[in-house]
Amino acid sequence: HLLRESGLRVPEACNLRVRDLTLRDDGSVEIQVLMGKGRKDRVGFAGPGFAESVTYYHFMRGGVPPAGWVFARHDTSADGHHSPVGPDGVRKALDEAATLGRVIGLSPHRLRAFFATRAINQTGDLYAVQQLLGHASPNTTIRYLEASPERLREIHRKAIASGADTPPRSSIGRSRD
């Protein structure tokens with residue numbers, strides 16, 4: 001749920017602590033991303049499905065790990081401390097889920113691109129999506145976007161429906177006087 005619904009980078013998701021999450025009245029979760037890429041802080045969000053998944057995950061583990069990681073490794077270090085799940089662990093879990101669900105090409109990057117594409121298609125707000133993804137430049141955000149055939153059809157339909165029935169007359173060869 002988290003990568004698909006929030007657009008977080010894998011290291012950002014791995015480093016989340018329970019104290020970084022705030023459950024909202026509507027069941028969604030506000031996420032404080034601390035020291036993301038470029039050592040920048042930002043806010044992110046995830047839907048109610050994420051809150052339910054994390055609650056179940058911690059219930060099955062017997063509670064929140066002592067260090068407060070949202071996703072902790074099941075083993076402990078030599079000194080008994082818990083560590084967060086690492087990016088390789090996330091990729092391995094996604095590979096296993098893709099194999100079980102027979103999904104080709106499932107990756108953290110594809111989930112982030114899915115989030116970006118859906119967010120821009122639903123809102124049209126490139127700046128907000130840029131902020132949610134933690135990009136410094138809108139040019140970086142644009143690279144994630146893919147226009148679906150449905151979206152292209154909708155844009156085309158609006159473009160031809162909103163114009164006049166006749167094309168504008170050409171001004172080539174005319175004097176402006």
Side-chain angles (χ1 to χ4, degrees), residues 1-120 127-146:
H1 284 284
L2 180 62
L3 297 178
R4 181 177 55 91
E5 292 183 2
S6 69
L8 292 183
R9 296 175 180 94
V10 172
E12 294 168 341
C14 291
N15 289 319
L16 286 177
R17 293 184 186 257
V18 173
R19 68 176 181 238
D20 301 330
L21 308 178
T22 303
L23 185 63
R24 312 310 290 177
D25 290 339
D26 64 358
S28 66
V29 179
E30 184 174 308
I31 304 166
Q32 296 300 315
V33 181
L34 305 174
M35 299 301 237
K37 188 172 180 181
R39 302 185 59 80
K40 295 179 186 172
D41 297 344
R42 72 176 193 282
V43 66
F45 301 92
F50 170 66
E52 293 169 11
S53 295
V54 168
T55 301
Y56 181 74
Y57 171 75
H58 287 154
F59 172 77
M60 294 303 291
R61 292 205 52 178
V64 177
W69 300 111
V70 173
F71 304 108
R73 293 174 51 103
H74 292 279
D75 57 349
T76 57
S77 62
D79 59 1
H81 289 97
H82 288 272
S83 299
V85 169
D88 289 341
V90 171
R91 288 183 186 90
K92 182 179 177 186
L94 278 176
D95 287 344
E96 290 173 5
T99 300
L100 289 172
R102 297 185 179 158
V103 178
I104 298 171
L106 183 63
S107 70
H109 181 80
R110 294 275 310 259
L111 293 173
R112 189 164 154 87
F114 172 83
F115 170 79
T117 300
R118 182 172 175 138
I120 199 72
Y127 180 74
V129 175
Q130 173 190 341
Q131 298 303 303
L132 287 169
L133 293 175
H135 290 156
S137 166
N139 293 333
T140 306
T141 306
I142 289 169
R143 286 187 286 204
Y144 277 84
L145 306 181
E146 297 175 17

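One-based numbering along the sequence shown.
- Separating the CH2 atom in Trp69 from the SG atom in Cys14 is a distance of 10.0 Å, to the nearest 0.5 Å.
- Taking 4.5 Å as the limit, every side-chain heavy atom of Phe71 sits out of range of all side-chain heavy atoms of Val90.
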Donor-acceptor pairs under 3.5 angstrom involving side-chain atoms of residues 52-59: please list them, not counting sequence neighbours.
from, atom 1, to, atom 2, distance (Å)
Ser53, OG, His1, NE2, 3.4
Ser53, OG, Gly49, O, 2.9
Thr55, OG1, Ala51, O, 2.8
Tyr57, OH, Arg61, NH1, 3.0
Tyr57, OH, Ala72, N, 3.4
Tyr57, OH, Ala72, O, 3.2
His58, NE2, Val70, O, 2.9

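- When every heavy atom of Lys40 is checked against every heavy atom of Ala136, the shortest pair comes out as NZ-CB, 3.8 Å.
- When all heavy atoms are compared, the tightest approach of Leu3 to Ala13 is CD2-CB, 4.0 Å.
- With contacts defined as side-chain heavy-atom distances shorter than 4.5 Å, the pair Leu111/Leu106 qualifies.
- Contact record, Leu94 with Ser107: CD1-C, 4.0 Å, taken as the closest heavy-atom pair.
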Identify each donor-acceptor pair in which a side-chain atom of residues 16-24 lies under 3.5 Å from a protein atom, sequence neighbours left out, and give them as a table.
from, atom 1, to, atom 2, distance (Å)
Arg17, NH1, Ala67, O, 2.5
Asp20, OD2, Arg17, N, 2.9

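- Proximity of a side-chain donor or acceptor of Arg42 to a complementary backbone N or O of Leu132 within less than 3.5 Å is detected.
- With hydrogens and angles ignored, the 3.5 Å screen pairs no side-chain donor or acceptor of Arg91 with any backbone N or O of Val10.
- The two residues Gly134 and Arg9 have their closest heavy-atom pair at O-NH2, 3.3 Å.
- With sequence neighbours left out, Thr141 forms a side-chain hydrogen bond (donor to acceptor under 3.5 Å, both in side chains) with His135.
- Listed for the Glu30 side chain is no donor-acceptor partner under 3.5 Å among the backbone atoms of Gly44.
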